[in-house]
Amino acid sequence: MYEFDYHRPGTLDAAVKLAGEADAKILAGGHTLIPTLKQRLAAPKLLVDLHAVRELQGVHLKDGQLVIGAMTTHAHVADSALVKAHLPGLAALAAGIGDPHVRHRGTIGGSVANNDPAADYPSAVLALNATIITNKRSIKADDFFKGMFETALAEGEIITHFSFPAGIKSGYAKFPNPASRYALVGVYVAQHGSDARVAVTGAGANGVFRASTLEAALKGNFSAAALEGKSVPADGINSDMHADAAYRAHLIGVMARRAVAAAH
Amino acid sequence: MSATGIGAPVKRREDFRFITGKGQYTADVNRHGQAYAYFLRSPHAHATIDAIDYAEALKMPGVCAIYTGKDLADDKIGGLICGWMIHSKDGSPMKAGAHPALAQGKVRYVGDHVAVIIADTLAEAKDAAEKINVTYGVLPANADTASAMKSAAVHDVAPDNRVYDWHLGDKGATEAAFAKAAHITKLDIVNNRLVPNPMEPRAAVGEYEEGSGVFCLHTTSQNPHVARLVLSAFIGIAPENKLRVIAPDVGGGFGAKIFIYAEETVCVWAAKKVGRPVKWTADRTEAFLADAHGRDHVSHAELALDANNKIIGLRVKTTANLGAYLSTFSSSVPTYLYAPLLSGQYNIPAIYAEVDAVYTNTAPVDAYRGAGRPEATFLVERIIEVAARERGLDPAQFRQMNYITQFPHQTPLIFAYDAGDFNASMVKALELADYKGVGARKADSAARGKLRGVGFSSYIEACGIAPSAAVGSLGAGVGLWESAEVRVNAIGTVEVLTGSHSHGQGHETTFAQLVSDRLGIPIEHVSIVHGDTDKVQMGMGTYGSRSGAVGMSAISKALDKIEAKAKKVAGFVLEAADTDIEFKDGKFTVKGTDKTIDFGSVALQAYIAHKFTGAQLEPGLKEGAFYDPTNFTFPAGVHICEVEIDPDTGVTRIDRWTAVDDFGAVINPMIVEGQVHGGIAQGIGQALLEGAVYDKDGQLLTASYMDYAMPRADDLPNYKLGFTETRCPSNPLGIKGCGEAGAIAAPPAVINAITDALGHENIAMPATPQAVWRAAQHAVMKKAAE
Ligand SMILES: Cc1cc2nc3c(=O)[nH]c(=O)nc-3n(C[C@H](O)[C@H](O)[C@H](O)COP(=O)(O)OP(=O)(O)OC[C@H]3O[C@@H](n4cnc5c(N)ncnc54)[C@H](O)[C@@H]3O)c2cc1C
């Protein structure tokens, strides 16, 4: 770790001001950022810890939307009665992230801002067509994820909340990497009227993506049977020592079927 | 049996300290004024070091010193050694390349030690390291075992990268057996490379006391006395009487902490140079890069059967990767710890094994839980299983047909198995595993779209290493006896000083059980002292499941002497001849009378010495013993693994695990079960999850837990354990040893189960979901074609 200054502002305004300074970095759960610092892979001058900004915490139901604060931990989302009632697939996803330590520190805001190509949450945000709300603006999920570890966020921009459509049918199935237990392949499916959105994490060479062939198959028939024998083409799919593109492409089909079967 | 005696499931006395965070590990040792060492490591697998410019780094804040290989050479500090000489077929000695603690002119693997930076804080040492400018001349790297002999030389002394080409067994007799074989089974086998991953990474605190001229090294060692011997006699830090080595609480070793490494050597040497204690603690990445790895064999095996399906011959050709340098015991692992076990539990009249050991640009490879025996067992139990299937025989029956049944049994490869009942373990295991129900369970799995398979492993291994003269004749640089000293205090409490070292095994409990049992005193009155060369005179440490069979035998021998002396004291007190004194349940009694005195009172009498004169008897009650075993010990057993595979994803779930082991006499069944559980977990890890992967440039791709899969609780089944017992005839306690059995037995059981489920004969370890899915696809296609 290199030396840095540490701030723990109590209001969003103060946090925004600090985050706007040169070489500032936002600190949420720290489960990605702190290891990066320890390995000397990043050298911010100042860390802005968001834990004291109350308004970024918690889950609310508002106008048919499930609004989740950026600093809400995975454990909180997993256990939230509201999330379980209105988007059980999302609660299940959160319950399957890492281990209890990780789930009690890691936050939805940190996970989505980081946009790790193997993280779970980006698939839910994209498939549920959520809105990412920042201190400056609202961003549609389709416009947010820009490739591995890349998002539409500007320097110093802070995610404050996520707005998910409540009460639609959705589900998630994850095939964990045997070592890290991040997603080797994770598929989130959501029914939007007669349409379906299917988002795949862990497998895309450019991070999370929507699987149009699977969405087309589910259109008007949101059932596992509709996906029988369907998958995605292997090109554009990640190949590494854990899994090659053909196996990942196959798993996308399997996980998509399981996600639909699990959806409610 | 008393509640704390031999055979009692006494709770581990050390666990309260560990579980409440009160252990004292090397990283807990902090000395006034200590400085921190940081090692600058090679980013290249193979390169010349053309220049090291550290002038700017030396000026960085907090920096005390920066040293390179040149400083070690200038101080005449010797290189690290390999303590077991292996000779090639032509009688020439193995080709040992120089192994300086800090590189001299060349780096040979990613993580090799280029320089040490010593500073007031670790952060300052790291800051300074970033300012060091090393000019490398990058050379082609070779990281692949199978092709190593055709690649660029790692050491000039071995132009073809061959450390030795060694063999064992009767080639002629084996060829003759194959010539008359009715059936020959052939198999190519890779034993994957593993990173040991003890929970506590390595650490060292080196100190030098100017007044006395004594060095002290706290280190994470499984054998502090061997470390002192090597650091003194070979590396030249200081004579033994001026060097104290302490291995305090050590958080797991699995072999990786047997060896004498660069970092520990440099810390103790540098403490005198900088005039301050020097501390180093490895981080996990350093552990991945620079702890000695395990296994890494590529083999071809052939098994010859006669027309009655009796095994008549086995031939094996193995290439063993020893990495970039010869680590402390590396040369012995793929030779004498491996090949002599190739007879397994079977009556095989002729065996011939050839082993080429090779250098590669990878971390050194040395003993890892099981050390050679898992490699042998995997090979034997895989080819046996395949042969049974090729012959259409039940794999259990085929094994039973070929078991050794008469003991002692001289195998064609060195070992004389002294005792065992292999069939008893098999019969019990078949019953515990409900082998009869396998067919129904397979059908049930199939109905759910799953594939079920059963795999056997009928292993034998050699522990209790080892008779010193025997290993000496095979090239060992040391004897493998053990020492013990039993010090009885004046009121009858006891300290036992042992040369064994506990780093998870529970010696503070099991060793105390032996003493409590023998002396009839409460276990609380017994303390076990180990791990400090200033307290324990000499010892050979803990590895190879030797602490029970060898270490406790030494204690037992010392206790014999204590008893003999105590009887003399009791004789004076009770006014009887010592030959008339009986000792039972902690009481000395004059035979046939009610005249009696307890152990504590005898101890007191020994020290106050009022009842005898100095001419009659020496005061005091303290005895030492060295115990040199007369044979290896041979734990053996049968493990049966039952898996269910999801053909859609390739995920293998272990549904059942049955293990029936014969460890001879058992001191503490709870600890033994724990050792079996842990061993199986590591074996399952090897079979399903773990694998160190280097890319073709010699970069370690699996250098963290993000990429190196360790077994977790939910990867493991519940174990069903059973025991059979044939006492070991070669040591006084009848102990065979249990520390490595699980890790030795498990891998072939898993792979045999997977291949049974898939109807496919080979699958490499680790059998990842991807690999299993591919094999399942293949099996489905094969079936469709039929
Ligand atoms: C052992 C382990 C296992 C894990 N397993 C999984 C897994 O299975 N699946 C999975 O998806 N994840 C997994 N994770 C990651 C974990 O879920 C964290 O959520 C993730 O690391 C990021 O969240 P965080 O709150 O820790 O963010 P931090 O590490 O604090 O921050 C991450 C990045 O996001 C930025 N950031 C944080 N909050 C905001 C914000 N509100 N606005 C803008 N930028 C922000 C930070 O500046 C930083 O760049 C694992 C992590 C560990 C350590």
Side-chain angles (χ1 to χ4, degrees), chain A residues 1-4 31-32 35-41 43 96 98-102 116-119 173-187 202-203 224 227-229 231 234 237-258 261, chain B residues 38 61-62 121-127 129-130 195 197 283-286 288 449 646-653 684-685 687-696 699-715 766-777 780:
Chain A
M1 232 181 242
Y2 298 105
E3 275 182 26
F4 51 80
H31 265 44
T32 295
T36 313
L37 297 179
K38 279 187 173 171
Q39 290 170 47
R40 297 190 155 207
L41 296 173
D99 53 40
H101 296 75
V102 174
D116 186 311
K174 170 180 182 175
F175 190 90
N177 176 315
S180 71
R181 301 236 173 141
Y182 276 66
L184 196 71
V185 167
V187 181
L227 293 175
E228 212 46 63
S231 191
I237 299 297
N238 219 357
S239 224
D240 57 29
M241 76 177 138
H242 300 291
D244 60 25
Y247 177 57
R248 274 198 171 89
H250 164 78
L251 283 180
I252 291 170
V254 179
M255 292 301 123
R257 286 193 290 282
R258 292 182 183 180
Chain B
Y38 177 72
T121 69
L122 180 59
E124 287 169 333
K126 287 185 180 179
D127 288 345
E130 288 178 5
V195 181
N197 276 309
D283 64 28
R284 191 53 70 179
T285 307
E286 290 183 289
F288 271 101
D646 175 357
D648 274 350
T649 58
V651 169
T652 300
R653 188 177 61 83
I684 291 173
L688 292 181
L689 295 156
E690 299 184 48
V693 180
Y694 283 92
D695 72 9
K696 62 174 186 358
Q699 293 293 333
L700 182 62
L701 299 180
T702 50
S704 83
Y705 295 131
M706 291 298 282
D707 295 307
Y708 187 92
M710 292 291 284
R712 292 168 165 92
D714 65 355
D715 293 313
T768 59
Q770 171 171 264
V772 172
W773 175 72
R774 284 251 142 72
Q777 295 288 99
V780 169

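To find a chain, count down the sequence lines: A is the first, B the second, and so on, and within it residues start at 1.
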Under 4.5 Å from a heavy atom of chain A, the part of [X] involved:
X: B:P766; answer: neither
X: B:L701; answer: both
X: B:E130; answer: side chain

When B:R712, B:K126, B:R774 are compared by non-hydrogen pairs under 4.5 Å with chain A, the top option: B:R712

Between B:L122, B:V651, B:D127, B:L688, the one whose heavy-atom pairs under 4.5 Å with chain A are most numerous: B:D127

pair A:M255-B:T649: side-chain heavy atoms closer than 4.5 Å: yes

Residue pair B:T702 / A:M241, side-chain heavy-atom distance below 4.5 Å: yes

Closest non-hydrogen atom pair, B:D707 against A:A179: C-CB, 3.6 Å

Minimum heavy-atom distance between B:D646 and A:R258, given as atom pair plus value: OD2-NH2, 2.8 Å

Reported CD-to-CG distance for the pair B:Q770 and A:L184, which is rounded to 0.5 angstrom: 8.0 Å

Note: B:D283-A:R40 ion pair, threshold 4.0 Å (strictly below): no

Part of A:N177 lying under 4.5 Å from any heavy atom of chain B: side chain

Residue pairs, two or more places apart or on separate chains, that pass salt bridge (charged side-chain N to carboxylate O under 4.0 Å, His left out) and touch residues 173-185 of chain A: A:D120-A:K174, A:R181-B:D714, A:R181-B:D715

With sequence neighbours excluded, residues passing side-chain hydrogen bond (donor to acceptor under 3.5 Å, both in side chains) with A:Y247: none

Any donor-acceptor pair under 3.5 Å from A:H250 side chain to B:D648 backbone: yes

